[in-house]
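What follows is a short report on a single structure.
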Protein chains: 4
Amino acid sequence: MDKEKRKHQIMECAKRLFATHGYYNTQISDIIREAKIARGTFYRYFNHKKDLFVTLLENYYQQWKAGISLEAQELDLRTITPEDYFRHRVRNSLLFFANDPYLCKITLRMGLGLPSDMEGSIQRLETKITELIEKDIKLGINNNHIRPDIDVELTANLVVGSILRLSYFYFGLGEEKSSRADVERITEKVTEMFFPGLFLKYQPPATN
Amino acid sequence: MDKEKRKHQIMECAKRLFATHGYYNTQISDIIREAKIARGTFYRYFNHKKDLFVTLLENYYQQWKAGISLEAQELDLRTITPEDYFRHRVRNSLLFFANDPYLCKITLRMGLGLPSDMEGSIQRLETKITELIEKDIKLGINNNHIRPDIDVELTANLVVGSILRLSYFYFGLGEEKSSRADVERITEKVTEMFFPGLFLKYQPPATN
Amino acid sequence: MDKEKRKHQIMECAKRLFATHGYYNTQISDIIREAKIARGTFYRYFNHKKDLFVTLLENYYQQWKAGISLEAQELDLRTITPEDYFRHRVRNSLLFFANDPYLCKITLRMGLGLPSDMEGSIQRLETKITELIEKDIKLGINNNHIRPDIDVELTANLVVGSILRLSYFYFGLGEEKSSRADVERITEKVTEMFFPGLFLKYQPPATN
Amino acid sequence: MDKEKRKHQIMECAKRLFATHGYYNTQISDIIREAKIARGTFYRYFNHKKDLFVTLLENYYQQWKAGISLEAQELDLRTITPEDYFRHRVRNSLLFFANDPYLCKITLRMGLGLPSDMEGSIQRLETKITELIEKDIKLGINNNHIRPDIDVELTANLVVGSILRLSYFYFGLGEEKSSRADVERITEKVTEMFFPGLFLKYQPPATN
DNA sequence: AATGAATGAGCATTCATTCAT
DNA sequence: CATGAATGAATGCTCATTCAT
């Protein structure tokens, strides 16, 4: 239908603008200029700016759900190995995000709501943490503790991602400070999880 | 100094408000009401609203850096095992975030910039993905593929965090679609990393 | 003619909407929804929204004029008493308004242009004035000054109507404050007019 | 207080503009231009445009109430004649409206909400009705039925005011057509009320 | 230093009117 | 004739920032 096409066109423009400049730094004026439509036309398709945003994400969510059920059909659950099953899941999740960088940015809350200079302030901390982990990994490789064939950058991001997500989940959602006990438990679990895949079997330094 | 105390008081109020309602939904009016100061006073301590925000994060960053160097001193690098070293790093990162839920929220871009109803639209996708992984893990445990002693919720968040971070890093920062090859490579690395810590040694089903 | 019928249908809908929600709170969208016609169709029958409104009143005015000339024919001016003549005039005026509550509201400027909550603010003053007059009349009846057979509510409205109309005519149409002399003259005339019909012959209180 | 003075200044400007161009044809821009203040300043004193309007009327109402209680004190209720009492009431009501032509216009719903050209369409009907009554009165005077000393224009407005108010009260406030019975009853009461004050004792025409 | 009244650029949204089909 | 998608000028309101006291 032609009406749907127009709506889609607006959504594509908005998605790019939201991802690039953030929700609050994208004005209706920007969207209609980009979409080459008149001001009033925008409001024929969306009730508010907010409506557009929510529609965008709702759409994305539906797309993801559809992808999931499709994915299920591809697998022969009786014969697949656990490793392949895991691999499959990971691949499909990545593919989903890889497919649309703009929605990826929006969903991952990058560039959402903050002007790029302020965004930078936030990213710096993440980057620094990642760099620290990278350094640690390199050190571990040099000392023959960590498998030398791993991709340092990727692994650092992987580990940082876990830690940030767990912080968010366990410390950020509430409002009160978390207890030391929580931290210890989480620390232990994270270590258990990463150790086997990350480290070589440990050889205590030969003393002489 | 008294001046510093006043500045600190403003920052504490702002931090809480930013974390709770987002940068754009926190007005100067809110901050000065909360901090019990006059409008003009605010501008004696900060040049703009943006300045306050950046100062807040800069502070946080310095705090983190200080924590890091402190941490280094605690360790006797000659005798510590690699596992303890890793554990140490993880613990300190978690502690840092656990210590200040408001800054945690801000840094992790939660509640930043979006009214809570729109924020919900975003969180849904993350939650759904996490739930899916949780289901997979439970299935794996039932089928004796996954170690039964793991914490399902924690592990799901850990895995999801990795995947989201990698998506962000490899697909979100640029603007062009990513190649299939990238996805395959990342998939493989993620699988390699998690497999040993997550799965029991695989026993192919006995055929009869 | 079919065209006239359609035009009439639009006018009926608009009349009801204007009377109920006011001119400015009635949108073209409301009218066409109610009249079940398309947006463009409206503009085939009326040049503007204003045109519709003016047409509506023009129509009403013509109707009234027609009613007047008709009325004249009913009377035998040679034999009718002055009282019947007056009664006749009053009856026909009332009938005219009684016949179409929507046009009545519009002509009497009720519900024109203001949202109902603001309209309320205006009505309150009128209501309070009327209530005050009602109280006075009741008092007069109790003291045997006013004929006990009158309809209090009706009479209060009648008197208030006169006063408001005279205020409007003598004080509202111009822009400058009116002189005290005007007020005195009008007061005297109003008193003269209402006194004979409203009051019993006055009996000065017996002194002892 | 200075703050009150500023608020008062805005209200005075708005009152004049509302009365002259109507609520909907008075823009915030007009008000602030007239009051020589900035856009934002307006919103320091009033929450909305509507708020200003309601405040204006609320003020007027309070003024009226204060006037009423004051008025009560002036009267010696034990000695005043009913006629003087009535005269007093009428005078004070008129004085109230005479005092502020702008608020008079607003309260009487003139110039409220409609551009002056449309307002004209409405006024025409009122004017025509008044003219008709004037003609009747002159006729009555010529025929020696009506007292020759009355003020024709004033009396016509007085009678029209009553009729319009009664129409409004009995036919306009509801939405359904009124019954013929209502009209007859009102007609009779109006005639009874005006007849004694308006007409000379009727002399049936001498027949020969 | 502290205050808070004043400022005005900026923005989302509305709605009468037009015009291609 | 009828339609309804498109238009864009107009408007109420927000809010970061300034500045006189």
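What you see is a predicted model, and the numbers here were worked out from it, not measured in a lab. To find a chain, count down the sequence lines: A is the first, B the second, and so on, and within it residues start at 1.
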Holding to ring-ring contact (aromatic ring centres under 6.0 Å, His included), I want the full list of residues that pass it with [X], two or more places apart in sequence or in another chain.
X: B:Phe46; answer: B:Phe42
X: B:Tyr45; answer: none
X: D:Tyr43; answer: none

Quiz item: Any side-chain N or O of C:Arg44 under 4.0 Å from OP1/OP2 of F:dC1?
Solution: no
Quiz item: Just to confirm, is there a sub-4.0 Å distance from OP1 or OP2 of F:dA6 to any side-chain nitrogen or oxygen of A:Arg6?
Solution: yes
Donor-acceptor contacts under 3.5 Å from residues 28-35 of chain D side chains, at least two apart:
| unit_1 | atom_1 | unit_2 | atom_2 | d |
| --- | --- | --- | --- | --- |
| D:Ser29 | OG | D:Arg39 | NH1 | 3.4 |
| D:Ser29 | OG | D:Arg39 | NH2 | 3.2 |
| D:Asp30 | OD1 | D:Arg33 | NH2 | 3.1 |
| D:Asp30 | OD2 | D:Gln27 | N | 2.8 |
| D:Glu34 | OE2 | D:Arg16 | NH2 | 2.7 |

Quiz item: Which letter, B, S or -, goes with each nucleotide of nucleotides 13-21 of chain E from 5' to 3', with contact meaning a protein heavy atom under 4.0 Å?
Solution: BBBBBB---
Quiz item: Counting any heavy atom closer than 4.0 Å, what does D:Tyr45 reach on the DNA or RNA strands: base, sugar-phosphate only, or nothing?
Solution: sugar-phosphate
Going by heavy atoms in the side chains, are [X] and [Y] under 4.5 Å from each other?
X: C:Thr20; Y: C:Lys105; value: no
X: B:Glu58; Y: B:Phe53; value: no
X: A:Phe18; Y: A:Leu52; value: yes

Exercise. Applying salt bridge (Lys or Arg N to Asp or Glu O under 4.0 Å), name anything that partners C:Asp51, two or more places apart in sequence or on another chain.
Key: none
Round to a whole Å and report the spacing from [atom1] of [X] to [atom2] of [N].
X: A:Asn25; N: F:dA16; atom1: CG; atom2: P; answer: 13 Å
X: D:His21; N: F:dA10; atom1: NE2; atom2: C1'; answer: 17 Å
X: B:Leu52; N: F:dA16; atom1: CG; atom2: C1'; answer: 13 Å
X: A:Phe46; N: E:dA12; atom1: CZ; atom2: C1'; answer: 16 Å
X: B:Glu4; N: E:dA1; atom1: CD; atom2: P; answer: 11 Å
X: B:Asp30; N: F:dC15; atom1: CG; atom2: P; answer: 9 Å

Quiz item: If each of B:Ile37 and D:Lys36 is mapped to the nucleotide of DNA chain E with the nearest heavy atom, which maps nearer the 5' terminus, i.e. the 5' end?
Solution: B:Ile37
Quiz item: Sequence neighbours excluded, which residues qualify as side-chain contact (heavy atoms from CB on, under 4.5 Å) partners of C:Arg44?
Solution: none
Quiz item: Mind checking what makes side-chain contact (heavy atoms from CB on, under 4.5 Å) contact with A:Lys128, not counting sequence neighbours?
Solution: A:Arg124, A:Glu131, B:Tyr61, B:Trp64
Self-check item: Secondary-structure notation, DNA chain E, from Watson-Crick and G-U pairs under 3.5 angstrom (| other strand)
Solution: .||||||||||||||||||||
Self-check item: Strand contacts (DNA chain E) in residues 7-14 of chain D, 4.0 angstrom heavy-atom criterion
Solution: none
Exercise. Go through the structure and list residues passing side chain to side chain donor-acceptor pair (under 3.5 Å) with A:Lys15, not counting sequence neighbours.
Key: A:Glu12, A:Asp100
